[in-house]
Amino acid sequence: MSVNKRLLAVALGLSLFMSLAACSNQQSPSDSSQENASTSEGVLPSDSETNRDFPGSYTVPDGWVKMEKYSTEDKIFYAEEGHEEDELPDNISVEVKTNRYSAEDHMEFRDAIVRQLTIQASRVGAELTGEGTFTDQEDVLYIFTISEEDVVTKQFYIVGDKRYCLIHLTNFTGSESADEAAQAMADSFVWN
């Protein structure tokens with residue numbers, strides 16, 4: 001990684017670490033809507049294969065399966081194999097949306113996300129932290145962790161040009177393998 005990219009990663013990390021009074025963004029497989037000022041784009045792949053209509057690809061880790069009954073064309077849900085029918089399974093969703101920010105304006109995009117989470121923060125007691133880094137392909141990656149008493153969610157925003165991929169983990173059990181699976185999906189993401 002070049003010195004400039006290392007400095008950017010450090011700057012992103014320093015500027016994102018924060019604690020907010022509250023943030024509620026729990027996601028269960030039946031909650032397929034997310035409030036964002038953007039529109040859906042593309043059709044998502046159901047596994048590691050690239051779908052012609054989807055603007056990127058990613059790898060689904062071994063042991064994670066598509067939750068057919070909750071997935072739509074715009075949002076695909078995954079759960080650990082054998083836990084798809086649990087009442088509150090740890091789950092990962094993947095979707096691509098558009099926005100008004102160019103890839104170079106990623107810090108403005110980050111600020112918009114923080115504003116949205118701050119608004120939600122006024123509703124419940126939770127801790128929000130964030131960091132900035134890069135995917136394996138050197139795309140900007142913002143990770144927000146929302147810690148509540150009974151659930152931890154992580155939102156992985158992979159920045160593209162006027163679009164982003166959101167990989168959203170809802171971890172009810174505190175499973176490290178769920179965190180690792182979501183991180184691996186984000187790291188493996190490649191824009192077409």
Side-chain angles (χ1 to χ4, degrees), residues 23-99 113 116-117 120 133-148 150-192:
C23 176
S24 178
N25 208 2
Q26 292 186 21
Q27 176 186 10
S28 67
S30 60
D31 177 21
S32 63
S33 65
Q34 167 128 4
E35 289 296 321
N36 280 330
S38 56
T39 59
S40 295
E41 175 182 300
V43 177
L44 299 177
S46 61
D47 53 28
S48 61
E49 296 176 18
T50 302
N51 182 316
R52 239 183 350 191
D53 296 329
F54 184 67
S57 61
Y58 55 92
T59 301
V60 176
D62 289 339
W64 286 79
V65 296
K66 181 178 176 182
M67 299 175 74
E68 295 289 345
K69 73 180 184 179
Y70 298 114
S71 297
T72 66
E73 284 186 358
D74 297 325
K75 189 181 236 181
I76 304 297
F77 282 90
Y78 298 92
E80 225 168 345
E81 193 168 13
H83 294 277
E84 308 92 88
E85 299 299 324
D86 290 359
E87 184 178 341
L88 294 174
D90 295 340
N91 64 87
I92 300 169
S93 65
V94 181
E95 63 185 319
V96 169
K97 294 194 170 205
T98 59
N99 61 31
I113 297 166
Q116 177 185 357
L117 294 177
Q120 294 173 352
T133 187
F134 298 93
T135 66
D136 290 346
Q137 289 64 245
E138 301 293 318
D139 290 313
V140 173
L141 172 63
Y142 290 111
I143 305 168
F144 295 96
T145 303
I146 301 108
S147 302
E148 298 183 57
D150 56 349
V151 65
V152 174
T153 60
K154 283 191 175 183
Q155 298 178 0
F156 299 81
Y157 289 88
I158 303 154
V159 178
D161 196 36
K162 297 191 177 184
R163 62 187 179 174
Y164 62 93
C165 177
L166 172 58
I167 297 176
H168 187 133
L169 165 67
T170 305
N171 191 335
F172 293 103
T173 66
S175 165
E176 277 187 43
S177 66
D179 284 344
E180 291 167 1
Q183 182 73 55
M185 290 170 81
D187 287 338
S188 71
F189 185 83
V190 178
W191 292 106
N192 288 346

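Worth saying up front: this structure is predicted, and the values here are computed from it rather than measured.
In terms of modelled atom types and a separation under 3.5 Å, the side chain of Thr59 and the main chain of Ser188 share no donor-acceptor contact. Side-chain atoms of Asp74 never come within 3.5 Å of backbone atoms of Thr72 as a donor-acceptor pair (strictly under, hydrogens ignored).
Annotation: side chain to side chain contact (heavy atoms under 4.5 Å, CB included) contacts of Asp179 (sequence neighbours excluded): Lys154, Leu169, Asn171. Take Ser71 and apply the side chain to side chain contact (heavy atoms under 4.5 Å, CB included) test, not counting sequence neighbours, and it matches Lys66, Ile76, Phe77. In this view, Phe156 satisfies the ring-ring contact (aromatic ring centres under 6.0 Å, His included) rule with no residue, not counting sequence neighbours. Remark: Glu85 pairs with Lys69 by the side-chain hydrogen bond (donor to acceptor under 3.5 Å, both in side chains) rule, at least two apart or across chains. When the side chain to side chain contact (heavy atoms under 4.5 Å, CB included) test is applied to Ala181, the partners found at least two apart in sequence or on another chain are Pro61, Trp64, Ile92. Every residue two or more places apart in sequence or in another chain was checked for a salt bridge (Lys or Arg N to Asp or Glu O under 4.0 Å) with Glu81, and none qualifies. Here Asp139 pairs with nothing under the side-chain hydrogen bond (donor to acceptor under 3.5 Å, both in side chains) rule; sequence neighbours left out. Residues satisfying the side-chain hydrogen bond (donor to acceptor under 3.5 Å, both in side chains) criterion with Asp86, sequence neighbours excluded, are His83. Residues passing the side-chain hydrogen bond (donor to acceptor under 3.5 Å, both in side chains) test with Gln183, sequence neighbours excluded: Asp187.
Between Glu84 and Pro89, the closest heavy-atom pair is O-CG, 4.5 Å. Summarising the geometry of Ala186 relative to Thr135, their closest heavy-atom pair is O-CG2, 3.5 Å, with the distance given to 0.1 Å. Residues Ser175 and Asp90 share a closest heavy-atom pair of CB-OD2, 3.5 Å.
With rounding to the nearest 0.5 Å, the separation of CZ in Phe189 from CD1 in Ile167 is 7.0 Å. Atom CD of Gln155 and atom CD1 of Ile143 lie 11.5 Å apart (nearest 0.5 Å).
Contact check for Phe134 versus Leu141: no side-chain heavy atoms found under the 4.5 Å cut-off.
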Run the numbers on Trp191 and Cys165 for side chain to side chain contact (heavy atoms under 4.5 Å, CB included), then give the verdict. CA-CA 9 Å; Trp191 292 106; Cys165 177; 4.3 Å; yes
Please determine whether side chain to side chain contact (heavy atoms under 4.5 Å, CB included) holds for the pair Tyr164 and Val159, giving the CA-CA distance in whole Å, both sets of side-chain angles, and the decisive distance to 0.1 Å. CA-CA 5 Å; Tyr164 62 93; Val159 178; 5.6 Å; no
